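A short worksheet on the structure shown next.
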Amino acid sequence: MATLVPPAPGPRSFGTGIVVGLVVALLIVVTVAGTVLLLKRDEDAAGVGASPSSPSPSPSRQPSASRTPTHPPTVVSNDFNRKNSWSRGERLSFAAFWVDYPDADCKVHTYTWKGATRGALRSDCASWEADGYDILLFFVGFKNTSERPVTLILRDFSLEGRDSRTFGPVNIRERADFPTSFLPETLKLPPRQSWFGFVTFDGRVEALVPASISYIDGAQTLTQVFAGRHAVV
């Protein structure tokens, strides 16, 4: 029997095998290189490789560039007892004025300070109580020192007692004989103009000794302080 010997590969088949091998090897190299580059890019984007003891800050803790810092309101105060005692703000000046005493219709709260006694407010007014109203009356004034109109708002008033209790105003304007003498809920004050009139509070509060009256104008609180010895005459 004759032995079958496989023919030796010819030049064509040998060259084809080499080419196929080189192509496969090249594809493997390209694939590995691409994978390495992708991993490197992902690591750079994620900050991988930083020291474990100093991790990158969490986005939730990053400061916001658009955040506006808040500041406490500015208090501008002056002593009611002094002459020309206006509390002067950035666009408004505010004052509480002396009232005469004795008064035929009301009791007057006075404050004696540095030897001078001044009437500050009225209470227990017979004419008002006859209509069922027990109120405290302050005579106040505003000056608009700006070049734009300013809206006065009744609810922005505050009365503080010496025991730290605070009270808001009451609106009894429509019950007054002269309503225009009382500050309404809102009043537009033109530039460089003034307004003078009454602001009222509930007079049924027991044992109240007013310490100050304030008007809140935006970020500013304009305050008139009642210093000295208090009495009711």
Side-chain angles (χ1 to χ4, degrees), residues 70-101 103 105-106 108-114 116-123 125 128 135-162 166-203 208-228 230:
T70 57
H71 302 283
T74 301
V75 177
V76 181
S77 65
N78 207 339
D79 293 322
F80 151 84
N81 312 68
R82 299 171 56 186
K83 291 183 178 180
N84 195 26
S85 63
W86 292 87
S87 298
R88 294 177 172 84
E90 293 179 356
R91 61 178 191 166
L92 284 176
S93 290
F94 166 63
F97 297 111
W98 304 342
V99 298
D100 294 333
Y101 66 95
D103 187 288
D105 187 51
C106 310
V108 176
H109 294 241
T110 65
Y111 291 83
T112 301
W113 183 72
K114 294 185 176 181
T117 301
R118 312 292 187 192
L121 66 140
R122 297 179 177 94
S123 69
C125 298
W128 282 97
I135 57 175
L136 307 176
L137 294 100
F138 293 83
F139 190 67
V140 301
F142 288 97
K143 294 179 182 178
N144 181 357
T145 58
S146 73
E147 300 300 330
R148 295 183 178 182
V150 176
T151 300
L152 303 177
I153 302 174
L154 178 63
R155 300 300 168 183
D156 285 341
F157 268 96
S158 176
L159 177 64
E160 182 173 1
R162 287 187 172 177
T166 57
F167 307 91
V170 295
N171 187 356
I172 47 80
R173 186 173 188 262
E174 299 304 322
R175 300 294 182 178
D177 292 337
F178 302 98
T180 56
S181 298
F182 292 76
L183 184 66
E185 290 291 338
T186 60
L187 176 69
K188 183 172 287 188
L189 187 60
R192 302 294 173 181
Q193 297 298 310
S194 301
W195 181 87
F196 304 93
F198 292 101
V199 173
T200 56
F201 294 81
D202 194 334
L208 173 63
V209 178
S212 65
I213 185 173
S214 300
Y215 182 79
I216 302 172
D217 181 33
Q220 287 192 315
T221 299
L222 311 177
T223 300
Q224 293 279 283
V225 179
F226 304 114
H230 171 262

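Remember, predicted model here, so these are calculated numbers, not experimental data.
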Are F201 and F167 close enough that their ring centres sit under 6.0 Å apart? no
Could you report the tightest heavy-atom contact between [X] and [Y], atom names first, then the distance?
| X | Y | value |
| --- | --- | --- |
| W113 | G228 | CD1-N, 4.0 Å |
| S85 | R82 | CB-O, 3.2 Å |
| T166 | S158 | CB-OG, 4.2 Å |
| V99 | L121 | CG2-N, 3.9 Å |
| A227 | R162 | C-NH2, 3.9 Å |
| G119 | Y101 | N-CE2, 3.9 Å |

Let me confirm one number: the OG1-CZ distance from T112 to R118, rounded to the nearest 0.5 Å.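 Separation between the atoms: 10.0 Å.
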For the atom pair CG (L222) and CZ (F157), what is the distance rounded to the nearest 0.5 Å?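 Spacing of CG (L222) from CZ (F157) equals 9.5 Å.
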Heavy-atom count check: over 12 atoms from other residues, nucleotides or ligands less than 6.0 Å from E90 CD?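 No, because the 6.0 Å sphere around CD of E90 holds 12 heavy atoms or fewer from other groups.
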Answer yes or no: are there more than 12 heavy-atom neighbours, outside R175 itself, under 6.0 Å from its atom CZ? no
List the steps and the verdict of side chain to side chain contact (heavy atoms under 4.5 Å, CB included) for N78 and F94. CA-CA 9 Å; N78 207 339; F94 166 63; over 6 Å; no
Check: I153 main-chain N/O paired with Y215 side-chain donor or acceptor under 3.5 Å: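 Yes, because the side chain of Y215 sits within donor-acceptor range (under 3.5 Å) of the backbone of I153.
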Below 3.5 Å, can you tabulate the donor-acceptor pairs from side chains in residues 192-200 to any protein atom, sequence neighbours excluded?
residue : atom : partner : partner atom : Å
R192    : NE   : E147    : OE2          : 3.1
R192    : NH1  : T145    : O            : 2.9
R192    : NH2  : T145    : O            : 3.1
R192    : NH2  : E147    : OE2          : 2.8
T200    : OG1  : V170    : O            : 2.8

